[in-house]
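Right, one structure below, let's go through it.
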Amino acid sequence: MTYQQEAELESRYVMPTFGRKPVEFVEGSGMTLVDSEGREYLDFLSGIGVVSLGHCHPALVAAVSEQAAKLMHVSNYYYIEKRGEVARMLSDLLNAEVEPAERSAWKTFFANSGAEANECAIKLARLYARKRAVAAGKQDEAAPRLIVTIERSFHGRTLATLAATAQPAKQEAFQPLPQGFVATPLNDVAALEQLFAERGDEICAVMLECIQGESGVHPCTADFMAAARRLTAERGALLICDEVQCGIFRIGKPYGFQALGVTPDVVTMAKGIASGIPMGACAARGDAADTFGPGDHGSTFGGSNIAIAAAHATLTELSREGFGAHVAEVGAYLRERLSALPQVVEVRGDGLMVGADLAEGGPSAGDVVLAGLEAGLVLNAPGPRTLRFLPPLICEKAHVDALVERLGKLL
Ligand code: PLP
């Protein structure tokens, strides 16, 4: 079938929830994608930060093929080969770079997407607060239920995660949304303190992205994170880091919080965890890890044999000595080279999660994305004047050079 025929079928039978670009990719290898007409592209988006090992990495292909031929799915009624091991790998990564006194076993719930991982964290925070209230001899109704989120955040498209996504324009059409969320400005410590002073008794959690991705790559400051940690700890509330986009070595370190000097209670992740096979995960430590009992939460597909095989192969490769340092080094190079481009007025981010703002009056980010396709580049624009770069983590400096050379011509 030709690209035209595929595009026509999709427009007739697939809901147009994304504004699709005029291309159909049919093959990939490492940093390279190939379209249905045989043209090659350098991929600086990796399926929105998902294909962390690069396209069709041999270790992932082997692990998934072997598992597919052996057993794909049995459900969560049963133990699953390597699932405990993958959860232990995540626990070790979550404890990496954390003070020895702060280290403890993290327990994970496996889901299928970032939104589901966050749904799990939201339910966990509410149930945890309720159990604490009951243990303290209070009525259920007295339990805190409010979750503090950050303006311009993105936590997913399900109803509860949309309620947590503090972007009124995205929420409006879907009212009424689940209640119990309040947003505060990013990196405004005074506003967060004020909120806790006024409504601290109601707050069961603060939920934030260490680096906001969808808003255009806006990092959280260490001061703000420290304030969130201090204020939640004072109230017995949970600090939840949504690491769906910035976690799993995207910034070089295993998780974004590890660059900010605090340890959260709950961490959600997805995107890069299984390099393209759908998986989300919500991990918790301390008392919070034992919040759920049988029946409190669940998923038919979450943590299936095939997803676990993909996550095991991905985490094994990413945990290899020197991999994090490679991401940090190439990421710093990418930011340095982008900063020197014409029309680029600001570059933000860490590791291989980078945003670049374009000057007013020049080409729009959307135009650059389309022109990029013509020039053999897969780019992304989360906002009208912002480009975002989320390449596979195997990206090398030579790929950055090729990107900058082509992008320089476009700008
Ligand atoms: N949280 C963050 C920080 C994200 O960036 C995203 C997706 O972009 C999500 C949650 C939702 O993930 P998913 O699309 O897998 O549901």
Side-chain angles (χ1 to χ4, degrees), residues 29-32 42-47 49-55 57-60 86 88-100 102-103 106 209-211 213 217 219-222 225 241 243-264 267 269-276 281 283 310-340 347-356 388-404:
S29 172
M31 284 287 294
T32 304
L42 264 186
D43 183 5
F44 274 84
L45 185 59
S46 66
V50 167
V51 187
S52 40
L53 293 180
H55 295 284
H57 188 284
L60 189 75
V86 168
R88 186 181 61 193
M89 287 165 112
L90 291 175
S91 179
D92 289 348
L93 291 173
L94 286 157
N95 281 326
E97 313 210 14
V98 169
E99 292 298 316
E102 288 272 292
R103 288 183 199 154
W106 293 70
E209 297 155 84
C210 298
I211 305 177
V217 188
C220 202
T221 61
M225 192 64 142
C241 284
E243 300 256 3
V244 165
Q245 190 160 149
C246 63
I248 315 286
F249 290 92
R250 175 68 35 202
I251 67 153
K253 295 181 189 298
Y255 294 94
F257 72 81
Q258 290 160 346
L260 294 169
V262 302
T263 310
V267 173
M269 53 206 119
K271 293 194 185 283
I273 194 171
S275 215
H312 187 270
T314 303
L315 296 174
T316 303
E317 290 302 313
L318 296 180
S319 303
R320 287 194 194 287
E321 179 96 30
F323 197 93
H326 160 84
V327 173
E329 190 186 334
V330 178
Y333 185 66
L334 173 62
R335 292 195 299 282
E336 181 195 316
R337 298 278 336 251
L338 288 174
S339 306
V347 175
R348 296 178 296 272
D350 198 356
L352 288 169
M353 179 169 181
V354 176
R388 173 177 52 169
F389 302 86
L390 295 168
L393 303 179
I394 47 127
C395 180
E396 299 283 349
K397 286 183 180 173
H399 299 121
V400 173
D401 291 338
L403 163 82
V404 168

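Position 1 is the first residue of the sequence; numbering continues from there. Keep in mind it's a predicted model, so treat the numbers as computed, not measured.
Classification of the Y255-F257 ring pair by plane angle, with boundaries at 30° and 60°, yields parallel.
Rounded to the nearest 0.5 angstrom, I273 CD1 and L315 CG are separated by 6.0 Å. How far CD of E329 is from CD of E396: 9.0 Å, rounded to the nearest 0.5 Å. One distance of note links CZ of R388 with CG of L45; it measures 6.5 Å at 0.5 Å rounding. In this structure, the separation between CG on L90 and CG on N95 is 11.0 Å, given to the nearest 0.5 Å. If you take CG on L403 and CZ on R337, they are separated by 9.0 Å, rounding to the nearest 0.5 Å. To the nearest 0.5 angstrom, C395 atom SG is 6.5 Å from H326 atom NE2.
Nearest approach of L93 to S319, heavy atoms of both residues: CD2-OG, 4.0 Å. Residue L94 comes nearest to A283 through the heavy atom pair CD1-CB, 3.6 Å, listed as atom of the first residue, atom of the second, then distance. Considering all non-hydrogen atoms of both residues, S275 and L60 come closest at O-CD2, 3.6 Å. Considering every non-hydrogen atom in both I211 and C246, the closest pair reads N-SG, 4.0 Å. The two residues E97 and P254 make their nearest non-hydrogen contact at OE2-CD, 4.3 Å. The heavy-atom pair separating P391 from M31 by the smallest distance is CB-CE, 4.1 Å.
Side chains of S52 and E317 form no contact here, defined as non-hydrogen atoms less than 4.5 Å apart. Looking only at side-chain heavy atoms (C-beta outward), I394 and V330 stay at 4.5 Å or farther from each other. Residues Q245 and E209 have side chains not in contact (no heavy-atom distance under 4.5 Å, counting atoms from C-beta outward). Looking only at side-chain heavy atoms (C-beta outward), Y333 and V404 stay at 4.5 Å or farther from each other. W106 places none of its side-chain heavy atoms less than 4.5 Å from the side chain of D92. No side-chain heavy atom of R348 sits less than 4.5 Å from a side-chain heavy atom of R335. Residues R250 and L352 meet the side-chain proximity criterion, which asks for heavy atoms closer than 4.5 Å. Side-chain contact between M89 and H312 is present, with at least one heavy-atom pair separated by less than 4.5 Å.
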task = Apply side-chain contact (heavy atoms from CB on, under 4.5 Å) to K271 and L390, showing your working.
result = CA-CA 11 Å; K271 293 194 185 283; L390 295 168; over 6 Å; no
request  = Take V217 and V354, measure what side-chain contact (heavy atoms from CB on, under 4.5 Å) needs, and give me the verdict at the end.
outcome  = CA-CA 6 Å; V217 188; V354 176; 5.8 Å; no
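Just one residue in the list P219, C210, P264 forms a side chain to side chain contact (heavy atoms under 4.5 Å, CB included) with M225, and that residue is C210.
Between the side chain of H399 and the backbone N or O of D43, no donor-acceptor pair lies under 3.5 Å.
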